[in-house]
Amino acid sequence: MAKRDYYDVLGVAKGASAEELKKAYRIKAKELHPDRNASNPEAEAQFKEVNEAYDVLKDADKKAAYDRFGHAAFEGGMGGARQGGGYGQQGDFGSAFSDVFEDLFGDFMGRGQARSRVQRGSDLRYNLRISLEEAFLGSQKTIDVPSSTACDACHGTGAEGGAEPVTCPTCAGMGKVRAQQGFFTVERTCPTCNGLGQIIKNPCKVCQGVGRVEKDRSLSVNIPKGVETGTRIRLAGEGEAGLRGGPSGDLYIFIEVREHAIFQRDGVNLYCRVPVSVATAALGGEVEVPTIDGGMSRVKVPAGSQTGKQMRLRAKGMPALRGAGQGDMLIELAVETPVNLTARQKEILREFDTLSADNNPEGKSFFSKVKGFWDGMKS
């Protein structure tokens, strides 16, 4: 059977452009694909005919020969297609099929997207220990941070003299290269530019083309009033320098407040344990207590105070980190037992103990319970 005209096979005019040929082939290939025409035995032969026609007409040299000599140009071993309307050479058919496959699925597979050349620098963490007084007053601290900074020699570009990078010759700036494997096109990251789409012809000798160098930096940090352990302070743009001129990361400073010799902290409140003598606790009086601001406050001790009694000093605690106000200071009394007594002191205390039997209600109640316990055991 005589072969049909290739232009008629694709349904285009003889003077059709390359784009018109490709569009017509794509429509016909999808329409006649064997997988979509399982019930039509003629579809496979028509599909082969379409591929043969497009394989010739998409090539400028083959198209010129066909326009001049027709099918005779490819008979007798003169061309790449087989006689009898077959597939033609496998490489040619694979190339033709990959064109339509790419059109159908290229966008879905992420065609032609080179990843960004510049990259943001990493965020850094710095642990800073401060005293409770510094947390109360707020302070200005200078810290030394080892990190990567932009190379001064190339201004962070990675190229000698700060020159701009050039388009990668291997992938033409796409960041990816393709290889034909049968009917399919395999896409992978460009090995020359590592997917960046650009290369540096003359890398900077100082940073070896990276665009940044290791360097210690001194930074001034403002510590606000009221910070506590776990408070995080962010310094934007003070982290690691970006790659190849990219933006720097951030520096996060984590606060740790050291334990204090006198005060214990609970949020905005402070606790202080204050020793008082037996006489002051029994008779009442005043004691001086230290405050976090460096001053002293006089506190009245009620007569008959016991160990553990708490009293509150308003607004003598820590300032609130966010918002107005200040916490309180809670004072806990610790009644001290005298030691290293003289003979006269011992004599006075014995006399006092004899005279004060009725002035110890808790002790009297306790011994009454003990006596009741033993009486119960005997009966």
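Note that the coordinates shown come from a computational prediction; the quantities given were computed from them, not determined experimentally.
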Side-chain donor/acceptor of T280 to backbone N/O of G284, under 3.5 Å: no
Whichever hydrophobic residues join L341 through chains of side-chain contacts under 4.5 Å: L349
Set of residues satisfying salt bridge (charged side-chain N to carboxylate O under 4.0 Å, His left out) with respect to E332, sequence neighbours excluded: R273
Test item: P169 and I199 side chains (from C-beta on) under 4.5 Å apart, heavy atoms: yes
K62 backbone acceptor or donor facing D59 side chain under 3.5 Å: yes
Residues E347 and R344 bridged, charged N to O under 4.0 Å: yes
Side chains of Y66 and D5, donor plus acceptor under 3.5 Å: yes
Rounded distance [0.5 Å steps], CD1 in I292 versus CE in M329: 9.5 Å
Name of the residue among D123, L124, V221 meeting side chain to side chain contact (heavy atoms under 4.5 Å, CB included) with L251: L124
Partners passing side chain to side chain contact (heavy atoms under 4.5 Å, CB included) against S148 (at least two apart in sequence or in another chain): R212, E214, E240
Residues in side-chain hydrogen bond (donor to acceptor under 3.5 Å, both in side chains) contact with D144, at least two apart in sequence or another chain: S218
Contact list for residues 199-211, test side-chain hydrogen bond (donor to acceptor under 3.5 Å, both in side chains), sequence neighbours left out: none
Non-neighbouring partners of Y126 that pass ring-ring contact (aromatic ring centres under 6.0 Å, His included), sequence neighbours left out: none
Residue E42 excluded, over 12 heavy atoms near CD under 6.0 Å: no
Members besides Y271 in its Ile/Leu/Val/Met/Phe/Trp/Tyr cluster (side-chain heavy atoms under 4.5 Å): L330
H33 side chain to K28 backbone, donor-acceptor under 3.5 Å: no
Cluster overlap I130 with L137, hydrophobic side-chain contacts below 4.5 Å: yes
Criterion salt bridge (charged side-chain N to carboxylate O under 4.0 Å, His left out) on E44 and K48, from CA distance to verdict: CA-CA 6 Å; E44 183 176 355; K48 292 179 180 180; 3.7 Å; yes
Distance-only side-chain donor-acceptor flag, R125 / N127, under 3.5 Å: yes
Note: E31-R36 ion pair, threshold 4.0 Å (strictly below): no
N-O pairing of R217 and E238 below 4.0 Å: yes
Identify each donor-acceptor pair in which a side-chain atom of residues 312-322 lies under 3.5 Å from a protein atom, sequence neighbours left out, and give them as a table.
residue: R312; atom: NH1; partner: D328; partner atom: OD2; Å: 3.0
residue: R314; atom: NH1; partner: D328; partner atom: OD2; Å: 3.3

Spacing of CE belonging to M174 relative to SG belonging to C193, to within rounding of 0.5 Å: 11.0 Å
Where at least one partner belongs to residues 222-237, residue pairs that pass side-chain hydrogen bond (donor to acceptor under 3.5 Å, both in side chains), sequence neighbours excluded: R234-D250
All side chain to side chain contact (heavy atoms under 4.5 Å, CB included) counterparts of E288, not counting sequence neighbours: M296, R298
Euclidean distance, E52 CD relative to E49 CD, rounded to 0.5 Å: 7.5 Å
Heavy-atom side-chain contact between V177 and R188 under 4.5 Å: yes
Cluster check V301, L283: I/L/V/M/F/W/Y, side chain < 4.5 angstrom: no
Linked, directly or transitively: V268 and F136 (ILVMFWY side chains, under 4.5 Å): no
Side-chain donor or acceptor of R129 paired with backbone N/O of S131 under 3.5 Å: no
Qualifying residues under side chain to side chain contact (heavy atoms under 4.5 Å, CB included), relative to V206, sequence neighbours excluded: C151, A153, C204, V213
A135 backbone acceptor or donor facing S139 side chain under 3.5 Å: no
From Q345 atom CD to N340 atom CG, the distance as rounded to the nearest 0.5 Å: 9.5 Å
Non-hydrogen atoms of G158 and C154 that approach each other most closely: N-SG, 3.2 Å
Nearest-0.5 Å distance, CD1 of residue I27 to CG of residue L32: 11.5 Å
Side-chain ion pair, K141 and E134, N-O less than 4.0 Å: yes
K309 NZ to I331 CD1 distance, which is reported to the nearest 0.5 Å: 11.5 Å
Polar side-chain atom of N51 near backbone of F47 as donor-acceptor pair, under 3.5 Å: yes
Shared hydrophobic cluster for V257 and I233 (ILVMFWY, side-chain gaps under 4.5 Å): yes
Heavy atoms of other groups near E351 CD, more than 12 under 6.0 Å: no
T189 (side chain) donor-acceptor with N194 (main chain) under 3.5 angstrom: no
Minimum heavy-atom distance between G173 and T167, given as atom pair plus value: N-CG2, 3.4 Å
Shared hydrophobic cluster, L219 / L128 (ILVMFWY, side-chain heavy atoms < 4.5 Å): yes
K14: side chain to side chain contact (heavy atoms under 4.5 Å, CB included) partners, not counting sequence neighbours: Y7, D67
